Colleague: 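Quick one: structure below, then a few questions.
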Amino acid sequence: MDTTQLLKGVLDAAVLAVVAHEDGYGYDVVRRLRAAGLEEVGDASVYGTLRRLYSSGALTSYVVPSDEGPHRKYYGMNAQGRAMLATQRKDWHEFAGTMAGLLETEDAR
Amino acid sequence: MSTTTPTGQHHLADVASYAAAVRRELVGLSPEQVEDLTDGLEADLADALADPLTSWPGTAPGADLTVRFGSPGVYAQELRAAAGLPDAAVPQDHHRMRALLTAPTRTVTSAARGVLARLREHTGWAPVEEFLVALTPAAWLLRGWVVAGVIAAVFGLGARSAWMPDSLAGWLLLGLLCVVSVQWGRGRWAVGRWSRRARVAMTTVAVVAALPVLAMNVAHDGQGTQYIYLNDGQTASAPAAPQDGVVVDGMAVSNLFAYDAAGNPIDGVQIFDDRGRPDRWSFVSAQDVDGRQLWNVYPLLGGPSASFEWNDNLGRRVLAGGVEPRTPPRPFAKAPAVTRPRSTTAGATAGTTAGTATGTATGPTAGTATGPTAAATGPAAVAPDPASPAPTSTP
């Protein structure tokens, strides 16, 4: 199964979860997602998602200058983001439960 | 971070060019959207390249970043899709007319953006752009000045020198427009749609009218002054002078009174200018009995400019020793005779002249010389003896 298609639907929740754990900049979020097991995640997809969540007001953002090179844009959670994450977590558990039930039933037969 | 290693610089240059390529691919988005979407992209790309945990192929210094990240076009597409922005090249039917009208502007803008992006790939461009950006306040002032010039020209506030106004209204207009232009440039006073439209209109007028206004001013200045050539080879600018005739201090001379070497007034002197001589001459003054220099004794005596030398004591150029001052070659060996009307009041001077014009006829054309090209027959008009450099006359 092509997990990249699955990923598209849950990337928002995954990104929110990572940032909720700790503020992070673009590639930092990518690395943590991959470390958590989402190896297929694309760099640009994560950056785009971060921008979109920020634009919709679910994330805060701040720039940290770097002595060595280009500046980094960090993202952090706010109340709206936390609420969004809570909703998505609930939706995911319901959906996963449904899917698990469906698939286990098929599997058990 | 490997950006501190010697290979880090390679990475940074590659990263900057890849990021520029991605920005170039984000066509159809506003500059703000592109900036928002790619802010911090360089840092993310550099960190991804430098990440020791991922052993991607092709991350060696100088390697093509497309091996690691894919083509800039695909990368940009993924970025904008994930950000929820519409795809490039989606025509919007309800804005068709407007799209048609603004097509030339968009073509120019995107071409300029492309050139800028390509320039930004060169490392040497950054300081140049920095310098140009520092000049933007001057461009704001220039915008105000050009538009003020256009408005002044339209409403007839045109000044004598068009570079700067010379009326109170003109100055007020210039000041107002400069303040508005600078405030707009600083991002102030620019709220609302109409302000934005006014700003676009003002910039357009300034860009379109800049060259005509400059050309007009230069032409205007060209009429105001002309350059004259002085005897000793200096040039000087002088106020506009009458085009024809004898001029003293910028004023046309309406009459000339001539006296001979003996100081006697001469009637009917014919004067020719120095056109046609092959050599340029410098002149020396005659002197009166008290040693004062006289410059109104004609023809002036002198010599070729090359035979003059600088004299420190006198503080001017003088004729070299051993060179006799002489008259320049006469333009005509002989001038045609003239006839003059005999005025009843002319007797006071006519009686004392040593040699007078001999013409006595009267008539409507009397008083005008017939020109040197006419047959040079008849009695010649008498001119003062050119060989006498030190007249005793006191005019």
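Keep in mind the model is a prediction, meaning the values are calculated, not measured.
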Colleague: Look at atom CZ of Phe95(A) and say whether more than 12 heavy atoms of other residues, nucleotides or ligands are closer to it than 6.0 Å.
Modeller: no
Colleague: Based on non-hydrogen pairs under 4.5 Å, which of Arg51(A), Lys73(A), His71(A) is most in contact with chain B?
Modeller: Arg51(A)
Colleague: Taking side chain as everything from C-beta outward and backbone as N, CA, C, O, which of these in Val63(A) sits under 4.5 Å from a heavy atom of chain B? Side chain, backbone, both or neither.
Modeller: side chain
Colleague: Tell me whether Asp44(B) is salt-bridged to Arg31(A), with the criterion being a basic N under 4.0 Å from an acidic carboxylate O.
Modeller: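 Salt bridge flag = no for Arg31(A) with Asp44(B).
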Colleague: Between Leu79(B) and Ala44(A), what is the shortest heavy-atom contact and its length?
Modeller: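 Shortest heavy-atom separation between Leu79(B) and Ala44(A) comes out as CD1-O, 3.3 Å.
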Colleague: Which atoms form the tightest heavy-atom contact between Asp43(A) and Glu78(B), and what is the distance?
Modeller: N-OE2, 4.3 Å
Colleague: In terms of heavy-atom pairs under 4.5 Å with chain A, which of Ala43(B), Ala76(B), Ala81(B) leads?
Modeller: Ala43(B)
Colleague: With a cut-off of 6.0 Å (strictly less than), are more than 12 heavy atoms of other residues, nucleotides or ligands near CZ of Phe69(B)?
Modeller: yes
Colleague: Nearest 0.5 angstrom please: Ser55(A) OG to Asp36(B) CG, how far?
Modeller: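 Between Ser55(A) OG and Asp36(B) CG, I get 5.0 Å after rounding to 0.5 Å.
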